[in-house]
Asks: 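One structure, as structure tokens, below. Some questions next.
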Amino acid sequence: MGIELNPNQREAVTWLDSPLLVVAGAGSGKTRVLTAKIAWLITETDIEPWQILAVTFTNKAAGEMVGRVRDLAGEAGEAVTAGTFHSFCARLLRRHGDTLGYSPGYSIYDESDSRTLLKRLISELGLPERSFSVGMVRARIGQAKNEMAGAGAQRWTTGNWIDEGVGRVYAAYEQALRDRNAMDFDDLLLNAVRLFEEEPAIARRYAERYRYVLVDEYQDTNRPQYLLIKSLAAVHRGVCVVGDPDQSIYSWRGADIRNIRDFERDYPDARVVVLDQNYRSTTTILGVASGLIKQNSGQHRRRLWSELGTGEPVRELVFINDEEEARGVTRIIAAKVRQERRNLYEIVILYRTNGQSRQFEHALREAGLGYTIVGGVRFYERAEIKDTLAWLRLLVNPRDTVSLARALAAPRRGIGEVSLGRILRHLAEWAGDPLDGLAAAAAVIGRGGPGLTAFVDILKRFTARLEDTAPAELARGLLEESGYLDMLAAEGTIEAEARRENLGELLSALDEYGERAGAEASLADFLAEVSLLTDIDEWEEAEPAVTLMTLHAAKGLEFPIVFMTGLEEELCPILREDTDAEALEEERRLCYVGMTRAREELYLARARRRRRWGSVLDRLPSRFLGELPSELVQTIDQLRLDPVARAGSRQRGERRTDAAMAEIPDYENENQDAPTELVPGQEVEHSILGRGRILEVSGTGEQLRLIVAFHDAGTRRLMARYARLKVL
DNA sequence: CAGTAGAACATTTTT
DNA sequence: TGTTCTACTG
């Protein structure tokens, strides 16, 4: 086979006698193993490509996998079924959803759709919105769904009125989704499971078809996903799951580490192959990352190793505030490009929350460096795109009232809040064809009647053309006739112009889809595809631009140069009232995932102060920084004239030509409020109490008070004047 | 009914 | 700080 493998990888690729668990550490070549295995199955066994199912975390990963399989095994590789759990289920339900009462044109509701619906239901049920915020209710329902608890579950009848209320909303929500022929993301998985449970013949058909099932990122599967795999593998027991417990970062979405830990219990004859050679990072980066993950309470910890040499030290960058953090990182990037001839696409900036991207955008734009953001406001979540998709969804699924409300609202046609309410109530009682019901509703509203009649007219005309017209053409016509384009043209603002451009992009996407799918092109399929797209799916890695994304989004990727930012307590790890030991370990794993994305250089940046919602907060360094092997980390503090060479790295401290140091200007003299060295986060030494870290500073001058967490002597309150601390 | 100004609120991570 | 919601006017 045209691919080089080490002995363990080879064993993973060629093992076929029993279910297989591949415990693949970061950078150990698991994608390589997965693709090689699929190619091997196709070329060396009697398993046909169409009998193979490969489940990955993103559609992009699936597409790349198929591409590589094709390179290895030829055209036949294209016939492999590959996709995310959600896209697989969506296809399954388009085919068999009728047995569960859904028609093939069912709508897939994204988060904002389901929020809209929940909001309406909460107020219809007369529940106080103070106690029943949409976010809380949605989170509780989502959690219940991930754990496969229905609206009739015990958990809602605890006697606690909040639980009870959420249960009522949940029941109403389920009913409302059914009425609208719609599913949310969780429903895709749940309904697939239900389908297999209620229709054993269908389950059997799929289990018979798929002789081999491969699952990537198995540590991040939840209960319904687990059941799906179990069901699909029930006949042939050809299963290979790949994962790494240390990279499990989705427990908040119901992912259950036990799925990977219990694999051997589920399949007693399972073969376990451990991949522990890392082909990605320098030993320094690996050493730092291992030092961190060691702090988690895993039982048997495999140590990753690499032959890629020591490389550069990992650098901790300390800035005075978040703005400087962004500017400092940008300066270093500029220097890398200018002096070291690095390409922008080799660099990624990682952060814990999407909100942190703004500062970096600013700084990068100011410096004239290109960047692409993965996440944040996504293309398909923009208002104009959602408006247009709402029209299209209405054609495919006229019962979808969430889309109806959206399409009715823009452009304005004399129908406001009151009329919309009347229309929806009218429709709820209408048993016949939804479009006729809508037409009839014109009589129950006042002045908006003619507007509604015109609306229904357009809808009917386009619905009639649904079968014989290309999706792109339908969209073009709708935008024209609904007056949406005129509305934007009338605005005449730069924003409106940008929206028109976005709509142009949407039309190109539809055109492209039409070409790709040919005669098979159906609007319903396009809409499903679009709903399940992730940010990563849209990301072009070869662009000459720095990539910005969250730590979660970075999973599975690698970059020569990685900047992790905002390494401060409360942000990374994010800490909330309900953060327990387990949640903290997940935060640590998240940090580990970030570090192990780096091939050559890793920077760990933090700010001493950070703006949040307008107010400035003092920030302590992340506890994770204190857990790293100090001999591998070099600290560069913006406040110091000289970089602090940590103990044991004197030689490195001498290297003044270092791009990082050279590019961080000296603020010592120009800083107006030159902070004393007694600032939160500062490491200090007391003659009796020993070493510690400053937590809080209050007062000034003689009255300067400190709260210091001593490593051995606990947390103490001290007057700076008497304590005579030595700054380290 | 639609548009606007000021208030209220929000940030964890995502298929 | 930036976005979304509410109350008010035309």
Asks: Cation over ring, Arg589(A) on Tyr592(A), under 6.0 Å and within 45°?
Replies: no
Asks: Atom pairs under 3.5 Å, N or O on each side, protein against nucleotides 7-10 of chain C: can you list them with distances?
Replies:
none

Asks: Keeping Asp400(A) on the side-chain end and Ser107(A) on the backbone end, is there a donor-acceptor pair under 3.5 Å?
Replies: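 Here the side-chain-to-backbone pair does not exist.
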Asks: Kindly indicate whether the side chain of Met148(A), heavy atoms from C-beta on, has any atom under 4.5 Å from the side chain of Val193(A).
Replies: yes
Asks: Got Glu569(A) and Pro621(A) here, is their nearest side-chain heavy-atom distance under 4.5 Å?
Replies: no
Asks: If you assign each of Arg253(A) and Ser133(A) to its closest nucleotide in DNA chain B, which residue comes earlier from the 5' end?
Replies: Ser133(A)
Asks: Please determine, for the side chain of Arg611(A), which listed nucleotide (dT15(B), dT1(C), dT13(B)) has the closest atom?
Replies: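 Closest nucleotide to the Arg611(A) side chain: dT1(C).
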Asks: Does the side chain of Asn354(A) get closer than 4.0 angstrom to OP1 or OP2 of dT13(B) through an N or O atom?
Replies: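 Yes, Asn354(A) has a side-chain N/O under 4.0 Å of OP1/OP2 on dT13(B).
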Asks: Whether Arg94(A) engages the ring of Tyr106(A) as a cation-pi pair (distance to the six-membered ring centre under 6.0 angstrom, angle to the ring normal within 45°) should be assessed.
Replies: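 Here Arg94(A) passes the 6.0 Å and 45° test against Tyr106(A).
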Asks: Just the rounded figure in Å: distance from P of dT15(B) to CZ of Phe88(A).
Replies: 19 Å
Asks: Counting any heavy atom closer than 4.0 Å, what does Tyr250(A) reach on the DNA or RNA strands: base, sugar-phosphate only, or nothing?
Replies: sugar-phosphate
Asks: Do Tyr109(A) and Thr116(A) get their side chains close enough for a donor-acceptor pair, meaning under 3.5 Å?
Replies: no
Asks: Check nucleotides 1-3 of chain B against the protein and report each pair of N or O atoms closer than 3.5 Å, with its distance, or say if there are none.
Replies:
from: dC1(B); atom 1: OP1; to: Ser419(A); atom 2: N; distance (Å): 3.4
from: dC1(B); atom 1: OP1; to: Ser419(A); atom 2: OG; distance (Å): 2.5
from: dA2(B); atom 1: OP1; to: Gly414(A); atom 2: N; distance (Å): 2.8
from: dA2(B); atom 1: OP1; to: Ile415(A); atom 2: N; distance (Å): 3.4
from: dA2(B); atom 1: OP2; to: Arg412(A); atom 2: NH1; distance (Å): 3.3
from: dA2(B); atom 1: OP2; to: Ile415(A); atom 2: O; distance (Å): 3.3

Asks: Can a side-chain donor-acceptor contact be found between Tyr206(A) and His96(A) if the only test is distance below 3.5 angstrom?
Replies: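 Looking only at side-chain atoms, Tyr206(A) and His96(A) do form a donor-acceptor pair, the distance falling under 3.5 Å.
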Asks: Given the C1' atoms of dT11(B) and dT6(C), what is the spacing between them in whole Å?
Replies: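 23 Å, rounded to whole Å.
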Asks: Without decimals, in angstroms, what is the distance between Leu584(A) CG and dT12(B) P?
Replies: 16 Å
Asks: Does OP1 or OP2 of dC5(C) have a side-chain N or O of Lys119(A) closer than 4.0 Å?
Replies: yes
Asks: It should be established whether Thr550(A) places a side-chain nitrogen or oxygen under 4.0 Å from OP1 or OP2 of nucleotide dT14(B).
Replies: yes
Asks: Quick one: side chain to side chain donor-acceptor pair (under 3.5 Å) partners of Lys386(A), sequence neighbours excluded?
Replies: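 Expected list: Asp110(A), Ser112(A), Asp113(A).
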Asks: I need the CD-C1' distance between Glu111(A) and dT4(C), as an integer number of Å.
Replies: 15 Å
Asks: Would you say Thr56(A) and Glu217(A) are linked by a side-chain donor-acceptor pair, where the criterion is simply a distance under 3.5 Å?
Replies: no
Asks: Could you state the CD-C1' distance from Glu361(A) to dT1(C), rounded to the nearest angstrom?
Replies: 14 Å
